[in-house]
S.K.: 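Supplied in structure tokens, the structure appears directly below.
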Amino acid sequence: MSLVPLKDILGELSEAMQENCSQLPQNRTPAMVYTLAKGAADIHDGAVNSLKPSLPPTKEIACAAGCSHCCHLPVVTEAITVLRLAHYIRTNFSPEAIEALRTRIAARQAQLLPLDSASRRHFRQACPLLENGQCTAYEARPLICRSFNSFDESACRTEILEKANDFYMEGYPLPFEVGSALTRGMVSGLSSAGYRDAQLDLAAALGVALDRADAAEAWLAGEDIFANSLVA
């Protein structure tokens with residue numbers, strides 16, 4: 001498959017996501033928010049799986065269960081993704097597990113608070129959702145987490161955990177391209193619907209969404225609940 005058809009497919013994915021999100025004013029319910037975020041994740045995974053035979057990776061992807069180096073990077077995601085993730089956690093985690101998660105988020109935020117923007121970019125700590133090398137909310141993980149991959153596990157460990165600097169990791173580009181296309185469509189569609197789906201620090205925003213049982217309703221009503229979770 002040539003780059004031109006792939007570009008067209010990515011454009012169609014972006015436009016479809018934009019159209020889906022632009023319909024939010026017709027159904028301003030938390031369920032619609034969760035559906036949009038889940039739909040983006042499902043479209044991502046389905047598109048990558050369907051395109052992969054025609055555009056296979058040039059090397060073997062090193063990512064496997066239990067490898068969690070990238071889960072120590074700061075994660076930037078979108079509001080509807082955070083709201084869906086909080087709903088998933090409330091639905092599937094025990095009260096004790098939710099409280100433990102909130103404690104881990106609070107501890108992380110206490111470490112981040114005194115850091116400037118440059119230091120925050122280089123901050124390395126396990127995602128609060130990570131336990132024993134596994135994501136406890138894997139089914140509801142953000143698009144960026146679905147997109148990230150690497151051809152070299154040792155390079156990830158060195159670049160991410162040891163050097164902790166800005167880096168380029170060689171990996172399979174297709175998931176990144178699909179994820180980026182869907183994110184562009186999501187942001188554009190929500191903007192046209194009157195919502196600012198800004199870049200949010202996942203852990204900080206998730207802490208807000210878990211602290212408020214009415215987080216989705218408040219966001220839908222236009223309240224800027226994630227103002228302190230914006231990535232500078």
S.K.: Enter the distance from Leu182:CG to Glu177:CD here, rounded to the nearest 0.5 Å.
M.R.: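 So the CG of Leu182 and the CD of Glu177 are separated by 12.0 Å.
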S.K.: Counting N and O atoms only, with roles assigned by atom type, does the side chain of Arg28 sit under 3.5 Å from a partner on the main chain of Ala221, one being a donor and the other an acceptor?
M.R.: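 Here the side-chain-to-backbone pair does not exist.
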S.K.: Work out which heavy atom in Leu220 is nearest to a heavy atom in Tyr195; give both atom names and the distance.
M.R.: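 Taking Leu220 first and Tyr195 second, the nearest heavy atoms are O-OH, 2.6 Å.
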S.K.: Any salt bridge linking Arg146 with Asp42? Criterion: basic side-chain nitrogen under 4.0 Å from a carboxylate oxygen.
M.R.: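 No, Arg146 and Asp42 are not salt-bridged.
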S.K.: Check for a donor-acceptor pair, side chain of Ser50 on one end and backbone N or O of Ala47 on the other, with a separation under 3.5 Å.
M.R.: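 Looks like yes, one N/O pair under 3.5 Å.
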S.K.: Say whether Ile225 and Val187 are linked into one hydrophobic cluster, either directly or through other cluster members, by side-chain heavy-atom distances under 4.5 angstrom.
M.R.: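 Different clusters.
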S.K.: Should Leu13 and Leu55 be counted in the same cluster of Ile, Leu, Val, Met, Phe, Trp and Tyr side chains packed under 4.5 Å apart?
M.R.: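 Looking at the clustering, Leu55 is in the same group as Leu13.
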S.K.: Considering non-hydrogen atoms only, spot the tightest contact between Pro57 and Lys52 and give its length.
M.R.: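 Looks like CD-CE, 3.9 Å.
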S.K.: Do Ile98 and Ile89 have side chains that approach each other closer than 4.5 Å (heavy atoms only, starting at C-beta)?
M.R.: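 Sidechains of Ile89 and Ile98: in contact.
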S.K.: Indicate the atoms forming the closest heavy-atom contact of Ala216 with Tyr34, along with that distance.
M.R.: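 Ala216 and Tyr34 have their closest heavy atoms at CB-OH, 3.7 Å.
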S.K.: Look up atom CZ in Phe151 and atom SG in Cys156, then write down how far apart they are to the nearest 0.5 Å.
M.R.: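 Here the interatomic distance stands at 11.0 Å.
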S.K.: Flag the pair Val33 / Arg84 as yes when at least one side-chain heavy-atom distance between them is below 4.5 Å, and no otherwise.
M.R.: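 No, their side chains stay 4.5 Å or more apart.
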S.K.: If you look only at distance, which donor and acceptor atoms sit under 3.5 Å apart when one is on a side chain in residues 59-74 and the other is two or more places apart or in another chain?
M.R.:
{"unit_1": "Lys59", "atom_1": "NZ", "unit_2": "Glu170", "atom_2": "OE1", "d": "3.2"}
{"unit_1": "Lys59", "atom_1": "NZ", "unit_2": "Glu170", "atom_2": "OE2", "d": "3.3"}
{"unit_1": "His69", "atom_1": "NE2", "unit_2": "Glu153", "atom_2": "OE2", "d": "2.6"}
{"unit_1": "His72", "atom_1": "ND1", "unit_2": "Ser68", "atom_2": "O", "d": "2.9"}

S.K.: Ignoring hydrogens and angles, tell me if any N or O in the side chain of Ser192 forms a donor-acceptor pair with the backbone of Gly189 under 3.5 Å.
M.R.: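 It does hold such a pair.
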S.K.: Around Asn132, counting heavy atoms of other residues, nucleotides and ligands shown, do more than 12 lie under 6.0 Å from its CG?
M.R.: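 12 or below, so no.
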S.K.: Is Ile43 reachable from Leu51 through a run of hydrophobic residues whose side-chain heavy atoms are each under 4.5 Å from the next?
M.R.: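 Yes, Leu51 and Ile43 fall within the same hydrophobic cluster.
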S.K.: Apply side chain to side chain contact (heavy atoms under 4.5 Å, CB included) to the pair Tyr168 and Glu159, showing each step before the final yes or no.
M.R.: CA-CA 9 Å; Tyr168 169 77; Glu159 294 292 329; over 6 Å; no
S.K.: May I ask you to check whether Thr81 and Glu78 show a side-chain donor-acceptor distance below 3.5 Å?
M.R.: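 The answer is yes; a qualifying pair exists.
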S.K.: So, the side chain of Arg184 versus the backbone of Ser14: is there a donor-acceptor pair under 3.5 Å, distance only?
M.R.: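 Between the backbone of Ser14 and the side chain of Arg184 there is no qualifying donor-acceptor contact (under 3.5 Å).
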S.K.: Rounded at 0.5 Å granularity, tell me how far CZ in Arg108 sits from OG1 in Thr103.
M.R.: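 Those atoms lie 15.0 Å apart.
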S.K.: Answer yes or no: are there more than 12 heavy-atom neighbours, outside Gln199 itself, under 6.0 Å from its atom CD?
M.R.: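 Counting other residues, nucleotides and ligands, CD of Gln199 stays at 12 neighbours or fewer.
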S.K.: Please report the shortest heavy-atom distance between Ala209 and Val82, naming the atom on each side.
M.R.: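 Where Ala209 meets Val82 most closely, the heavy atoms are CB-CG1, 4.0 Å.
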S.K.: Crowded around Arg196 CZ? As in, over 12 foreign heavy atoms under 6.0 Å?
M.R.: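 Result for CZ/Arg196: open.
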S.K.: Looking at side-chain heavy atoms only, is the closest gap between Pro30 and His87 below 4.5 Å?
M.R.: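 Of all side-chain heavy-atom pairs linking His87 with Pro30, none is under 4.5 Å.
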S.K.: Show me the donor-acceptor pairs within less than 3.5 Å that the side chains of residues 137-145 make with the rest of the protein, sequence neighbours left out.
M.R.:
{"unit_1": "Tyr138", "atom_1": "OH", "unit_2": "Arg141", "atom_2": "NH2", "d": "3.3"}
{"unit_1": "Arg141", "atom_1": "NH1", "unit_2": "Tyr138", "atom_2": "O", "d": "2.7"}

S.K.: What are the two closest heavy atoms between Thr136 and Tyr88, and how far apart are they?
M.R.: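 Minimum heavy-atom contact is O-CE2, 4.3 Å.
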S.K.: Give a yes-or-no answer on whether the side chains of Ser154 and Asp152 include a donor-acceptor pair shorter than 3.5 Å.
M.R.: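 A pair is found: one side chain offers a donor N or O, the other an acceptor, under 3.5 Å apart.
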S.K.: Apply side chain to side chain contact (heavy atoms under 4.5 Å, CB included) to the pair Glu19 and Gln23, showing each step before the final yes or no.
M.R.: CA-CA 7 Å; Glu19 176 63 22; Gln23 302 302 311; 2.8 Å; yes
S.K.: Do Leu10 and Lys7 have side chains that approach each other closer than 4.5 Å (heavy atoms only, starting at C-beta)?
M.R.: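 The answer is no; the side chains never approach within 4.5 Å.
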S.K.: Which is it for Leu83 and Phe226 under the side chain to side chain contact (heavy atoms under 4.5 Å, CB included) test, yes or no, and what are the steps along the way?
M.R.: CA-CA 11 Å; Leu83 293 169; Phe226 297 124; 3.9 Å; yes
S.K.: Mind checking whether Met32 and Leu36 have side chains closer than 4.5 Å, heavy atoms only?
M.R.: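 The answer is yes; the side chains approach within 4.5 Å.
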S.K.: Just so I know, are the side chains of Met17 and Cys21 near enough to count as touching, which here means a heavy-atom distance under 4.5 Å?
M.R.: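 Yes; the side chains approach each other to less than 4.5 Å.
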S.K.: Going by heavy atoms in the side chains, are Asn20 and Thr35 under 4.5 Å from each other?
M.R.: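 Asn20 vs Thr35: side chains apart.
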S.K.: Could you list the residues that satisfy side-chain hydrogen bond (donor to acceptor under 3.5 Å, both in side chains) with Asp224, not counting sequence neighbours?
M.R.: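 Partners of Asp224 by the side-chain hydrogen bond (donor to acceptor under 3.5 Å, both in side chains) criterion come out as none, since no residue qualifies.
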S.K.: Do Ile80 and Trp219 have side chains that get closer than 4.5 Å, going by heavy atoms?
M.R.: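 They are in contact (side-chain heavy atoms under 4.5 Å apart), so the answer is yes.
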S.K.: Which heavy-atom pair separates Leu200 from Val231 by the least distance, and what is that distance?
M.R.: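 Taking every non-hydrogen atom into account, C-CG2, 3.7 Å.
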S.K.: So if you build clusters from Ile, Leu, Val, Met, Phe, Trp, Tyr with side-chain heavy-atom gaps below 4.5 Å, do Leu130 and Phe123 land together?
M.R.: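 Different hydrophobic clusters.
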S.K.: Working note: Arg102 + Asp211, criterion side chain to side chain contact (heavy atoms under 4.5 Å, CB included); need CA distance, chi angles, decisive distance, verdict.
M.R.: CA-CA 8 Å; Arg102 293 175 66 190; Asp211 284 344; 2.6 Å; yes
